Amino acid sequence: MSMRTINRTDFISGIVVAVMGAAGLVGSLRMPRFEARGADPFTVPGLTPGLLSAVLCVLGVVLLLRGMSGRVLAEGARPSITEWTRASAARTIFTIVMVLLYGTLLFGHMPFILATALFIFVFTVGAELIDTERSLPVWKLVIGGLVLAGVAAFAIDFVFTDLFLVRLPG
């Protein structure tokens, strides 16, 4: 027997993320724009935080709606962020270690595109290899990871250096 219910974890998380995104968006809109100085609109201080906050707000609303969707849950099943499986813990530890390695060893110590591509490749392939239910063959995973890493690294570099006019380290 199954029941239709609100997924409280998604619902509450969606509210929190949407409110945080909205607050960030309001804060970024209040930042100075330097119109009197003739500043380029792409260089104003609130642009990047505003874009990120808008994305957070939209994703929070999506999560909220998913929580309200009444998707079918098996009887007795309760989604929880407090009950971790061994796989969840492994993915979380892997993510934290990878981000720390990127921030301390790669970022700023080698060319940005190379550091970022290396991080994205190792993170993508590593996270997939941790997944015991993975069905993708390793050779396809490696090729996909290489393509993703290359495209993403160049895209990130382009956005920050050419659109936001930010000098990246390395």
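Here the structure is a predicted model, which is why all the values come from computation and not from measurement.
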Would you list the atom pairs, donor with acceptor, under 3.5 Å between side chains in residues 93-102 and any protein atom, with sequence neighbours excluded?
unit_1, atom_1, unit_2, atom_2, d
Thr95, OG1, Arg91, O, 2.8
Tyr102, OH, Thr116, OG1, 2.8

Begin from the C-alpha positions of Phe107 and Phe112 and carry the test side chain to side chain contact (heavy atoms under 4.5 Å, CB included) through to its verdict. CA-CA 7 Å; Phe107 190 77; Phe112 176 81; 3.5 Å; yes
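- Follow the hydrophobic side-chain contacts under 4.5 Å out from Ile120 and you never reach Val147; the two are in separate clusters.
- Applying the side chain to side chain contact (heavy atoms under 4.5 Å, CB included) test to Leu114 and every residue at least two apart in sequence or in another chain returns Met110, Pro111.
- Linking Ile, Leu, Val, Met, Phe, Trp and Tyr whenever their side-chain heavy atoms come within less than 4.5 Å puts Leu129 and Phe119 in one cluster.
- For the pair Pro169 and Gly108, the tightest heavy-atom approach, listed with the atom from each and the gap, is CB-CA, 3.7 Å.
- A chain of hydrophobic side-chain contacts below 4.5 Å, direct or via other Ile, Leu, Val, Met, Phe, Trp or Tyr residues, connects Leu136 to Ile130.
- Of all non-hydrogen atoms in Ala18 and Cys57, the two that sit nearest each other are O-SG, 3.7 Å.
- Remark: Leu59 CG to Leu63 CG distance equals 8.5 Å, nearest 0.5 Å.
- Here the closest heavy-atom approach between residue Leu64 and residue Ile15 is recorded as CD1-CG1, 3.2 Å.
- Nearest heavy atom pair, residue Gly46 against residue Ser28, reads O-CB, 3.4 Å.
- Following chains of ILVMFWY side-chain contacts shorter than 4.5 Å, one cannot reach Leu168 starting from Val151, and the two form parts of different hydrophobic clusters.
- One N or O on the side chain of Ser69 and one on the backbone of Arg66 form a donor-acceptor pair closer than 3.5 Å.
- Shown here for Gly50 and Leu25, the closest heavy-atom pair between the two residues is O-CD1, 3.5 Å.
- In this structure, Val58 is not a member of the same hydrophobic cluster as Leu47, with clusters built from ILVMFWY side-chain heavy atoms closer than 4.5 Å.
- Side-chain atoms of His109 come within 3.5 Å of backbone N or O of Thr104 as a donor-acceptor pair.
- A heavy-atom distance below 4.5 Å is found between the side chains of Phe121 and Val142.
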Could you walk me through whether Arg134 and Leu141 pass the side chain to side chain contact (heavy atoms under 4.5 Å, CB included) check? CA-CA 10 Å; Arg134 175 182 49 83; Leu141 177 60; 4.0 Å; yes
Tell me, with the steps shown, if Leu106 and Leu118 meet side chain to side chain contact (heavy atoms under 4.5 Å, CB included). CA-CA 9 Å; Leu106 300 177; Leu118 183 61; 4.0 Å; yes
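- Put simply, CG on Leu146 and OG1 on Thr124 are 10.0 Å apart, with the number rounded to the nearest 0.5 Å.
- Scanning for ring pair (Phe, Tyr, Trp, His ring centres under 6.0 Å) contacts around Phe158 gives an empty result, with sequence neighbours left out.
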